[in-house]
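Below is one structure, written out as structure tokens, with a few remarks after it.
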Amino acid sequence: VGWVSAQYVTATDAENVPVVQPPPAPTATTPPPVAITDWKGEYFDNPNLQGNPVLVRNDARIDFNWGAGSPAPEVPNDNFSARWTMSRNAPKGVYEFSVWVDDGVRVWVDDQLVINGWASGTARNYAAEVEVADGAHNIRVEYFESTGGALISLNISYRGEALPEAPTAVISGPT
């Protein structure tokens, strides 16, 4: 059983040869979802995280300097935003969240806002120390780019067990 194009065949006594129609073309399938093993990066074509993301991808870390560019062709060079989310187990203790950003950033730990730098501006650093209990924790980072340079770099470091009198969150602004 097979197919041969008519241009390559000369048929004689073809009355006894069955003619069949080719099978229908396969229908398009939806690509599988992106496997998220690190940060789930959702990128928006507006600065307000509105609507559906134009790109969803796995980002191994939040450490980007796009300069005057953008994360991907479907994301504009200016006036875009991104949201990264992750859930991880962590031992009890104090963690420092430090983020360099050019334009705005917000960081949540377990739905508690710990860094709020949601304003346009040149590259600057925000830091917060957060005490957490042993177990799973949700982290959310939101970012927007206005115009000019596009930069975000997040570092999370373990400071150790907290002292009994240590506050649960100490937030410092631009440095």
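Note that these values count all heavy atoms, side chains included, but never hydrogens, waters or copies made by symmetry.
- The hydrophobic cluster containing Phe44 does not contain Trp108, counting ILVMFWY residues as joined when their side-chain heavy atoms lie under 4.5 angstrom apart, directly or transitively.
- For Asn155, the side-chain hydrogen bond (donor to acceptor under 3.5 Å, both in side chains) criterion is met by no residue, not counting sequence neighbours.
- Nearest approach of Tyr158 to Lys92, heavy atoms of both residues: OH-O, 3.0 Å.
- Within the structure, every pair that satisfies the side chain to side chain donor-acceptor pair (under 3.5 Å) test and touches residues 61-80, not counting sequence neighbours, is listed here: Asp63-Ser153.
- Residue pairs meeting the side chain to side chain donor-acceptor pair (under 3.5 Å) criterion with at least one member in residues 42-55, sequence neighbours excluded, are Tyr43-Arg57, Tyr43-Asp59, Tyr43-Trp84.
- The shortest heavy-atom contact between Asp103 and Arg124 is O-NH2, 2.7 Å.
- From Trp39, atom CH2 reaches atom CE of Met86 across 5.0 Å, with rounding to the nearest 0.5 Å.
- Judged as a ring-ring contact (aromatic ring centres under 6.0 Å, His included), the pairs with a partner in residues 130-153 (not counting sequence neighbours) are, in order, Trp118-Phe144.
- In this structure the side chain of Asp111 never reaches within 4.5 angstrom of the side chain of Asn138, judged on heavy atoms.
- Nearest heavy atoms, Leu49 versus Arg106: CD1-NH2, 4.1 Å.
- By the side chain to side chain contact (heavy atoms under 4.5 Å, CB included) test, Ala133 is found to be paired with no residue, residues two or more places apart in sequence or in another chain being considered.
- Side-chain polar atoms of Ser98 and Asn125 form a donor-acceptor pair below 3.5 angstrom.
- Residues Val105 and Leu154 fail the side-chain proximity criterion, which asks for heavy atoms closer than 4.5 Å.
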inquiry  = Could you walk me through whether Val130 and Asp110 satisfy the side chain to side chain contact (heavy atoms under 4.5 Å, CB included) test, starting with their C-alpha distance in whole Å, then the side-chain angles of each, then the deciding distance to 0.1 Å, before giving a yes or no?
reply    = CA-CA 11 Å; Val130 180; Asp110 295 329; over 6 Å; no
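- Hydrophobic clustering (side-chain heavy atoms under 4.5 Å, transitive across Ile, Leu, Val, Met, Phe, Trp, Tyr) keeps Ile115 apart from Leu151.
- Heavy atoms only, all atoms of each residue included: Phe97 and Val109 are closest at CZ-CG2, 3.5 Å.
- Qualifying salt bridge (Lys or Arg N to Asp or Glu O under 4.0 Å) partners for Arg159, counting only residues two or more places apart in sequence or in other chains: Glu96.
- Under the 4.5 Å side-chain heavy-atom criterion for ILVMFWY residues, a single connected hydrophobic cluster contains both Tyr95 and Ile62.
- Between Ser120 and Ser146 the shortest heavy-atom distance is OG-CB, 3.6 Å.
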